[in-house]
Asker: 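Here it is, the structure, as structure tokens.
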Amino acid sequence: MNLRNILVPVGLVILVVMGFRSYGWMGVAAVGGGVVMWALLHFTRLMNVLRKAADRPIGHVGSAVMLNARLQAGVSLMHVVAMTRSLGALRSPENEQPEFYRWTDGTRSHVTCEFHNGKLVKWVLERPAAPEDAQDGTAGSAAP
């Protein structure tokens, strides 16, 4: 069970009670205004991230290698969507944990991320195999 689901409501109730005991109903109004402001800030950030992601194809990122370098365990799905400016392509069954999302770039490299309860747990970068002629070092050279 997520402890945040308990601590946040208990903390809000404590703030409201402290506001009432200190300043009466004006304290409750001040605490309520602060909570509403906090909620509006988070809502505005979420809407800006989703507005930017709506302009790009689902599961597309500029560079999968750079995304792989910037990812950190524990960040939220919204943070990853903000970094990529694209919604990830869902690879797991809907509404089941863990969730797997994939972002692919123009070179067909892709990063598959595993999220558990909305937090990044692990990720894997996969790059396409190089063509046969590029592996032996003769690609691009002309015969004399």
Asker: Compare all side-chain heavy atoms of V80 with those of W123 and state whether any distance is below 4.5 angstrom.
Answerer: no
Asker: To the nearest 0.5 Å, tell me how far L7 CG sits from R4 CZ.
Answerer: 9.5 Å
Asker: Could you pull out all residues at least two apart from R56 that satisfy side chain to side chain contact (heavy atoms under 4.5 Å, CB included)?
Answerer: H60, R85, S86
Asker: Rounded to the nearest 0.5 Å, how far does OG1 of T104 lie from CG of L67?
Answerer: 10.5 Å
Asker: Test: side chain to side chain donor-acceptor pair (under 3.5 Å). Region: residues 111-121. Which pairs qualify, not counting sequence neighbours?
Answerer: R102-T112
Asker: Following the transitive rule for hydrophobic clusters with a side-chain heavy-atom cut-off under 4.5 Å over Ile, Leu, Val, Met, Phe, Trp and Tyr, establish whether V31 and Y23 coincide in one cluster.
Answerer: no
Asker: Are L120 and H79 side-chain neighbours, meaning at least one heavy-atom pair lies under 4.5 Å?
Answerer: no
Asker: Output all residues satisfying side chain to side chain contact (heavy atoms under 4.5 Å, CB included) with L50, sequence neighbours left out; order by chain, then residue number.
Answerer: L46, M47, L87
Asker: Can you see which heavy atom on P128 is nearest to which on T107, and at what distance?
Answerer: CG-O, 3.2 Å
Asker: Using the ring pair (Phe, Tyr, Trp, His ring centres under 6.0 Å) rule, collect all pairs that involve residues 30-54, keeping only residues at least two apart or in two chains.
Answerer: W38-H42
Asker: Under a 4.5 Å cut-off applied to non-hydrogen side-chain atoms, are C113 and L71 in contact?
Answerer: yes
Asker: Side-chain heavy atoms under 4.5 angstrom apart, residues restricted to Ile, Leu, Val, Met, Phe, Trp, Tyr: same cluster for M66 and V124?
Answerer: no
Asker: Who pairs with F20 by side chain to side chain contact (heavy atoms under 4.5 Å, CB included), at least two apart in sequence or on another chain?
Answerer: W25, V28
Asker: Please tell me whether I14 and M26 are part of a single hydrophobic cluster in this structure, the criterion being side-chain heavy atoms less than 4.5 Å apart.
Answerer: no
Asker: Answer whether the closest heavy-atom distance between the side chains of R127 and V65 falls below 4.5 Å.
Answerer: yes
Asker: According to salt bridge (Lys or Arg N to Asp or Glu O under 4.0 Å), does anything in residues 29-53 pair up with another residue at least two apart or in another chain? List the pairs.
Answerer: none
Asker: Spell out, as yes or no, whether a donor-acceptor pair under 3.5 Å connects the side chain of S92 to the backbone of F100.
Answerer: yes
Asker: Answer yes or no: is there a side-chain heavy-atom contact under 4.5 Å between V35 and L12?
Answerer: yes
Asker: Please say yes or no: joined through hydrophobic side-chain contacts below 4.5 Å, possibly via intermediate residues, are V121 and L90 part of one cluster?
Answerer: no
Asker: Side-chain contact test, heavy atoms from C-beta onward, threshold under 4.5 Å: evaluate it for Y101 versus V81 and give yes or no.
Answerer: no
